[in-house]
Amino acid sequence: MTVFDQNLADLNPTQLEAVTLPHQSALILAGAGSGKTRVLTTRMAWLMQTGQASPASILAVTFTNKAAKEMTTRLSSLLPVNTRHMWIGTFHGLCNRFLRAHHKDANLPATFQILDTQDQLSAIKRLLKGMNIDTERFKPKEVQYFINGNKEEGLRANDVIADDFFRRKLVEIFSAYEAQCQREGVVDFPELLLRAYEVLKSNEALRTHYQERFTHILVDEFQDTNALQYAWLKLLSSPRTAVMAVGDDDQSIYGFRGARVENMRLFEQEFAQGHVVKLEQNYRSYGHILGAANALIRENANRLGKELWTDRGHGEAVRVYEADTDLSEARFVVEEIMAQIANGIARSDIAVLYRANAQSRVIEHALFNAGIPYRVYGGLRFFERAEIKHALAYLRLIDNPHDDTAFMRVVNFPTRGIGSRTIELLQDYARAHDCSLFSAVVGMSGTAGGKLAHFTKMIDGMRFDTQHLPLPELVDHINVHSGLLAHYKAEREGQDRVDNLNELVTAAAAFTQIEGYESDITASTSGADASVLTPLAGFLSHAALEAGDNQAQAGQDAVQLMTVHAAKGLEFHTVFILGLEEGLCPHENSLSDEGGVEEERRLMYVAITRARNKLYMTLARSRMLHGQTRYGVRSRFLDELPEEHLKWLTPRLSNYNGGSNGASYDGGYTAWEQTAMAREQSAPSFGSHKAKENTTLGYRMGQSVSHAKFGTGVIVKLEGSGEDTRAYINFGTKVGIKCLALNIAKLERL
DNA sequence: ATTCGTTTTTTTTTT
DNA sequence: AAAAACGAAT
């Protein structure tokens, strides 16, 4: 019996049904932990094993590089197939591949560069300056949001309806931005998809070629697709294509970047036509964990309907811990982690999850002091570091001198006497002649012109000197000859940056090893203009699209720290979810979005369902946030979890809605838990204080106040006394009730 | 032109 | 708290 046969035999009946569906489109509603990836990979293996499909006729698309890698690995473990020639990747990665192969049809230079979010923002800032636009009225971030939002709906500037002055101006900026990108030969993230979509739409020969080639399309995490991705899939499939979409509406957490859960219903009608398979058996979590997750997600309206079950037994109740401060929250987590490690749980099987990247600092500090190895995902990633972006900018200029974003980044870094006035003149000349900054240099005179010419000569010289060098040596050459290495070596705190620059050479070498799809582009697209992608161009798009897992030492057994978003698709023996406070979870910025709270609830659902055996949820009554102490109220999501699944390690204090305050002690605490509880209880807990009259800094119940950010509200409850007085203030339906420290919060009495 | 010090703003999540 | 933007001095 082969590995594949064994795998097939181990599937449950519903999974088997999904894997062996006949040649038709279908929607697989796959709950958390129901074996979604397994179904997907086994389906691909099954198609090939039974001769229904060849590796080249399968297109498998995911959202994250991690998921794509996972799929590839698992597929190769099932079947001896060369996955390098298969189209498995992210939407962005595959579109990049497509555009590289058909850059002429897409009206792009062979060496087009990809702008990441940062690059795009600086390109927009530059554009707004050039157009003399008031960046107070048109904030670069908002312009970026506008442009990307429209592109994700498949709209170009002239497709957008503008009925007032403000929107007309935005459209005008959008249009100028498109022209700028085109002139510079750069594309942003949504552009990759939109451009690929447009090429397929307008070029019938190409469309037919791919429609006939891909007889099977498989889409992972379908609930995260946006309108453009949906349209792209529709274009790529003919009536004879079998499209299998796997998704879970309850795990849709990317609404902020245009994801549309409705696509699932739409897909069911337009593609699947009723062929729906529901995977509802959860193989991951114990009953209490799953029970909590199910109860929470039931609070959401508008679900496709699905209830997970497990036969793994109840397991342990979810532990809830309310700490005094974020520091004591971190201390508790670290102590429990130490206990878990002592119990023989692998460090890499323990995860600490939080809502925002900024929350990682405190916990990192505590882990570091305890000497526990950890690994942080997200945050500032390798390819996003300033020194790396500088080096990449030089590389980009070598590949494409007309990339103005790259030009601006390094024309005066390290400093070479080219200041803002010189740049301004250069930009004026470039605009007047409708050319790139690089080309505009010839039009500059005087000393400034000489300095600029020196810079462009240096770039040209580097290109000439490196034309026959292998990629890693090329990178090293640039590090040296750009002056970057020397610059950082001279800096007192520059050693880390020097190390990173050298690390970039290593990354280039590693990339050279794994890279190897160019040959496939050439082979797969007969008739099309198959250009040879240079290793450098390949490396640069790799840098933009993958941004690199920020820490290289992946091999070490370390505790995993990440945001809930980053944790999707992963599972761990033990999971800690931090910061269960209103304002953080749900995040205060989400409250004003339509459906924002429901998305936050799904986020919490994703977090809970990451845990296999043990789950902790913690909150801190006070927390350093944005440089000041903020007092939080227990998250509504905690109150939505049934008591039967929870075990409170600290007394459950009453909250503003007067919810149940009965602490549930069911005995059987571990020694760790007992010391932790004793510590929390010995600390003065403000819930036990009685507010004394006249010592509340002059505030009283029912008083109306105004806050710079939250607007006007009314005090509904006062706690503590003197300098420590805190007030619960109702700021209305949009903001809700906030707990603020009266000596810190800048309130105005009304 | 560059550097240094001060002020202001910003902080959700990601390809 | 940290980064970015701004402004004054060199």
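Letters A, B, ... mirror the listed sequences (proteins, then strands); counts begin at 1.
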Report the distance from atom CZ of A:Phe382 to atom P of B:dT14, rounded to the nearest whole Å. 19 Å

Out of B:dT3, B:dT15, B:dT13, whichever nucleotide has its closest atom nearest the side chain of A:Thr415: B:dT3

Over how many whole Å does the gap from A:Tyr145 atom OH to B:dT13 atom C1' extend? 12 Å

Paired with A:Asp250, the side chain to side chain donor-acceptor pair (under 3.5 Å) test is passed by just one of A:Arg601, A:Arg303, A:Arg602, namely A:Arg303

Considering every strand and a 4.0 Å limit on heavy-atom distances, what is the contact class for A:Asp116: base, sugar-phosphate, or nothing? nothing

Any donor-acceptor N or O pair under 3.5 Å, side chains A:Asn226, A:Glu153: no

For a quick check of understanding: with a heavy-atom distance under 4.0 Å over all strands, which category does A:Leu193 fall into, base, sugar-phosphate or nothing? nothing

Want to settle it: does A:Phe189 or A:Lys139 sit nearer the 5' end of DNA chain B, counting the closest nucleotide to each? A:Lys139

Do the side chains of A:Glu581 and A:Arg634 get close enough for a salt bridge, i.e. N-O under 4.0 angstrom? no

Using the C1' atom on both, measure B:dT13 against C:dA4 and round to a whole Å. 22 Å

Quiz question: by atom type and distance under 3.5 Å, do the side chains of A:Asn500 and A:Glu387 form a donor-acceptor pair? yes

Just call it for A:Phe91: base, sugar-phosphate, or nothing, with non-hydrogen atoms closer than 4.0 Å on any strand. nothing

Please find out if less than 6.0 Å separates the ring center of A:Tyr374 from that of A:Phe368. no

Using a cut-off of 4.0 Å on non-hydrogen atoms, how would the nucleic acid contact of A:Arg602 be classed: base, sugar-phosphate, or nothing? nothing

Any donor-acceptor N/O pair under 3.5 Å between B:dT13 base and A:Arg355 side chain: yes

Where the side chain of A:Glu600 is concerned, which of B:dT12, B:dT3, B:dT14 is the nearest nucleotide? B:dT12

Strictly below 4.0 Å: does A:Arg416 bring a side-chain N or O up to OP1 or OP2 of B:dT2? no

Among B:dT12, B:dT15, B:dT14, the one nearest A:Ala356 by side-chain distance: B:dT12

Relative to the ring of A:His487, is the ring of A:Phe413 parallel (under 30°), tilted (30 to 60°) or perpendicular (over 60°)? perpendicular

Does B:dT15 have OP1 or OP2 sitting under 4.0 Å from an N or O in the side chain of A:Lys151? no

Would you tell me if any nitrogen or oxygen in the side chain of A:Asn357 comes within less than 4.0 Å of OP1 or OP2 on B:dT13? yes

Does A:His587 contact B:dT12 through a side-chain donor or acceptor facing the base, at a distance under 3.5 Å? no

Which part of the nucleic acid, if any, lies within contact of A:Lys451, taking any heavy atom under 4.0 Å across all strands shown: a base, the sugar-phosphate backbone alone, or nothing? nothing

Counting Watson-Crick and G-U wobble pairs only, both distances under 3.5 Å, name the nucleotide matched with C:dG7, or none. B:dC4

Where do N or O atoms of nucleotides 4-10 of chain C meet protein N or O atoms at under 3.5 Å, pair by pair?
residue, atom, partner, partner atom, Å
C:dA5, OP1, A:Lys125, NZ, 2.9

Check this one for me: any side-chain N or O of A:Thr422 less than 4.0 Å away from OP1 or OP2 of B:dA1? yes

Paired with B:dT12: which nucleotide, if any, by Watson-Crick or G-U wobble criteria at under 3.5 Å for both distances? none

Side-chain donor-acceptor pair under 3.5 Å between A:Tyr377 and A:Arg375, yes or no? yes

